[in-house]
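All values reported here derive from a predicted model rather than from experimental measurement. Positions are given from 1, in the same order as the sequence printed here.
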Amino acid sequence: MRGQYSLTKKNLDLILERIEEISKNADIKAINDTVLEVKNKFSNNIFYLVVLGQFKRGKSTFINYILGADILPTGVVPLTSVITKVQYSTSIWAKVIHNDGMEKDIDIDELDLYCTERNNPENIKGVKEIHIGYPFDFVAEDVVIVDTPGIGSVYKHNTDIAYNYIDKADAVIFLFSVDPPISEVEKEFLSEISKSVDKIFFVLNKIDYITEKELKEIVTYNRNIIREITGNSDIFLYPISAKLALEGKLLKDEGRLKKSGVQMLENDLRNFLLGEKEKVLLERYTKNIKRIISMCKTFFESNIRLKLIPLEQLEANIKAFEKYIEEVERAKKEISLLLRSDMKKILQNFDEKSEEYKKLLSVRVSEKVNNYYYTIRNLGRVDQKRELEKYFERVVIEEFEKLKEYIEKEAEEQYSKALSNYLSRLNTLIENIKAVVDRLFGLNIEYFKHKTGITSESKFTYRIGYEVGALEIDPVYFTYLLPKKLAGKLILNRVLKRIEIDIDRNLGRIRYDLLRRIEKSSNEFEKDMNFKLQVIYDVLKELIDKALKDYKLDKESFEKEKSHYQMLLGEINELEERLSQIGEK
Ligand SMILES: Nc1nc2c(ncn2[C@@H]2O[C@H](COP(=O)(O)OP(=O)(O)O)[C@@H](O)[C@H]2O)c(=O)[nH]1
Ligand SMILES: [Mg+2]
């Protein structure tokens, strides 16, 4: 097995080396970058087992179980913001890799300083990855377990990080949990993953929350959804409780371990890694080389085709394209403006309803406080005041939570409606550009879609999200001192008077939060839109400039260039043939 693996690996290395030479010769950035990426990924024979899922599904808890130690921060509010790689090592160590490449050794107990949103808000410390070495008894040393931040969180950068990791995963453990049902975000995410990763272990976590009977229903329900999304009817869903599993392992409590249901998953994982790790690695390597080959082919074919267009025609087409780009830019501006005005409407809607919210809350809280006062009216003055204040605080928070939920839902609905409208406009625009490029230059710019996500944009990366912090009740006004002789009704009145002030302030907080998120999200959208279009312009420019430069050559050299590309294309075709022969072995 090992020998066969090395031999095949060597053959694939040779093919990639040759492709690298060819691509260097052609000097196209998108291709060179991809070659480098694939080379890095497969040079060290490391198998990436990536744990994915929406945030708070229990990913970190599960990895802690595998490690047999409470190492990764769990239940962190709101979430982790960098990926963590765990690998086997005889000693325990941890280090932080910064975005600029700097590395720093840290104490393993300090992980939360770097990977929690709370201690590293929006990743101001510029942490890219955290690497951990730990002597855990799982599988081989060349398996790296990757803990990803959750998708579907309020922070877009987190979603992106999890997303970027799909490409690098050799196998995936995808965690669902029994608490809330499968979300739209999870469905979309899973659909992306199943397109690119062949081996996915589906796990249903937190089964300790439910009864056997409920479990049966949830498993059936979730399995059907997964089947539908992946188009695979042969789906197994492992029901586990990562929490019980971890506790069981730490406390050496067989009962808990058994109840956690983790054993079957662990066995299957182990067997899979022992038996198929190398096969999977080779398959993925082959797949990636194939991808580069088709990039190269498209490029050479395009380039040869460009050379068949007479110079005057090409120049006229470039002019026509420049005109078209002006149109695109206008459309782009329009999308931005309309999006922003829709976003403003969400806020206006909130403002218009604000008075209504206030009244509603005021009525509800007063009613409840009044009723409550009735039940404690016989208490002494001090007790009465204390109890009333406590009750008041609780009721305000309760009522606010309800309202907040309602506001969130409404805003999210309006937001995603507006956004999906503009996303589909942007996608249409991109499709149009592709069609125009094809018509004018006979070029297919699809080949670099992998690098830039040029094709279509999915909507969940721009969730508005919503996470207002704890509500604020100003403690100061509870400390007022009442003149001794005043009591009873007066306390009640004072408390009731505060209602409006409290409601005002907290509505203000919700509004501020809404505004901030809307702005952030619209900015992200615009940034991405600009980036996508710019990438298309850049790639085209690179291709056309190359073609134009060749036109400046004399006839003989021009023909020579043309046949040079034809030769390279021939070589690429040969490599493709060689690759398919390796696959058959
Ligand atoms: N009841 C229960 N809680 C769990 C289980 N697994 C994880 N949790 C809790 O769920 C929360 C989120 O877990 P965490 O591992 O941080 O999720 P992650 O965001 O996916 O990494 C934490 O408070 C965990 O203690 C489980 O099997 N049962
Ligand atoms: Mg986590």
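Checked for salt-bridge contact, K259 and D253 miss the test: no charged N lies under 4.0 Å from a carboxylate O. Between K59 and D147 there is no salt bridge, since no side-chain N of the basic residue sits under 4.0 Å from a carboxylate O of the acidic one. Salt-bridge annotation for R270 and E266: present, with a side-chain N of the basic residue lying under 4.0 Å from a carboxylate O of the acidic one. Comment: K332 engages E329 in a salt bridge, judged by a side-chain N to carboxylate O separation of less than 4.0 angstrom. Ion pair R511/D351 flagged as a salt bridge, since at least one NZ, NE, NH1 or NH2 atom sits closer than 4.0 Å to an Asp/Glu carboxylate oxygen. By the 4.0 Å N-to-carboxylate-O rule, E356 lies too far from K353 to be salt-bridged with it. A salt bridge does not link K290 to E576: none of the charged nitrogens lies less than 4.0 Å from a carboxylate oxygen.
Under the 3.5 Å distance criterion, the side-chain polar atoms of E214 are matched with a main-chain donor or acceptor of T211.
Counting heavy atoms from C-beta on, the side chains of I433 and L533 come closer than 4.5 Å. Two residues are said to be in side-chain contact when any heavy atoms from C-beta on lie closer than 4.5 Å; I235 and N224 fail this criterion. Contact check for Y48 versus V143: no side-chain heavy atoms found under the 4.5 Å cut-off. At least one side-chain heavy atom of I71 sits under 4.5 Å from a side-chain heavy atom of I132. For the pair L337 and S341, the minimum side-chain heavy-atom distance is 4.5 Å or more. Between K125 and L113, the closest side-chain pair of non-hydrogen atoms falls below 4.5 Å. The side-chain heavy atoms of Q263 and K258, taken from C-beta on, include no pair separated by under 4.5 Å. Contact of the L246 side chain with the L250 side chain is registered, since non-hydrogen atoms from C-beta on lie closer than 4.5 Å.
Within 6.0 Å of NZ in K85 there are more than 12 heavy atoms belonging to other residues, nucleotides or ligands. Remark: E228 CD is loosely packed, at most 12 non-hydrogen atoms of other residues, nucleotides or ligands lying under 6.0 Å away. Within 6.0 Å of NZ in K402 there are more than 12 heavy atoms belonging to other residues, nucleotides or ligands. Other residues, nucleotides and ligands contribute over 12 non-hydrogen atoms within 6.0 Å of the NZ atom of K187. By the 6.0 Å contact criterion, OH on Y512 is open, its count of non-hydrogen atoms from other residues, nucleotides or ligands being 12 or less. More than 12 non-hydrogen atoms from other residues, nucleotides or ligands lie less than 6.0 angstrom from OH of Y537.
Under the 6.0 Å distance and 45° angle rule, K277 does not count as a cation-pi partner of F272. Under the 6.0 Å distance and 45° angle rule, K297 does not count as a cation-pi partner of F299.
A donor-acceptor pair shorter than 3.5 Å can be found between the side chains of R57 and S177. A side-chain N or O of N523 and one of R340 form a donor-acceptor pair less than 3.5 Å apart.
Paired with F176 under the rule side chain to side chain contact (heavy atoms under 4.5 Å, CB included), one option of I226, N205, I225 passes, and it is I226.
The two residues I207 and S241 make their nearest non-hydrogen contact at CG1-N, 3.8 Å. Taking all atoms of both residues into account, the shortest heavy-atom contact from S336 to M529 is OG-CE, 3.6 Å.
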Inset, instruction - Check the pair Q414 / E410 against side-chain contact (heavy atoms from CB on, under 4.5 Å), numbers first and verdict last. - result: CA-CA 6 Å; Q414 290 170 7; E410 200 175 58; 3.9 Å; yes
Inset, instruction - Kindly determine whether E327 and R330 satisfy salt bridge (Lys or Arg N to Asp or Glu O under 4.0 Å), including the steps that lead there. - result: CA-CA 5 Å; E327 258 175 63; R330 267 197 298 277; 5.3 Å; no
Inset, instruction - List the steps, then state whether side chain to side chain donor-acceptor pair (under 3.5 Å) holds for D142 with Y88. - result: CA-CA 8 Å; D142 48 7; Y88 173 85; over 6 Å; no
Inset, instruction - Apply the test side-chain contact (heavy atoms from CB on, under 4.5 Å) to residues I31 and C296: give CA-CA distance (whole Å), side-chain angles for both, the deciding distance (0.1 Å), then the verdict. - result: CA-CA 7 Å; I31 301 179; C296 287; 3.9 Å; yes
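Not counting sequence neighbours, the partners of D268 by the side-chain hydrogen bond (donor to acceptor under 3.5 Å, both in side chains) test are Y238. Judged as a ring-ring contact (aromatic ring centres under 6.0 Å, His included), and not counting sequence neighbours, the contacts of Y285 are F42.
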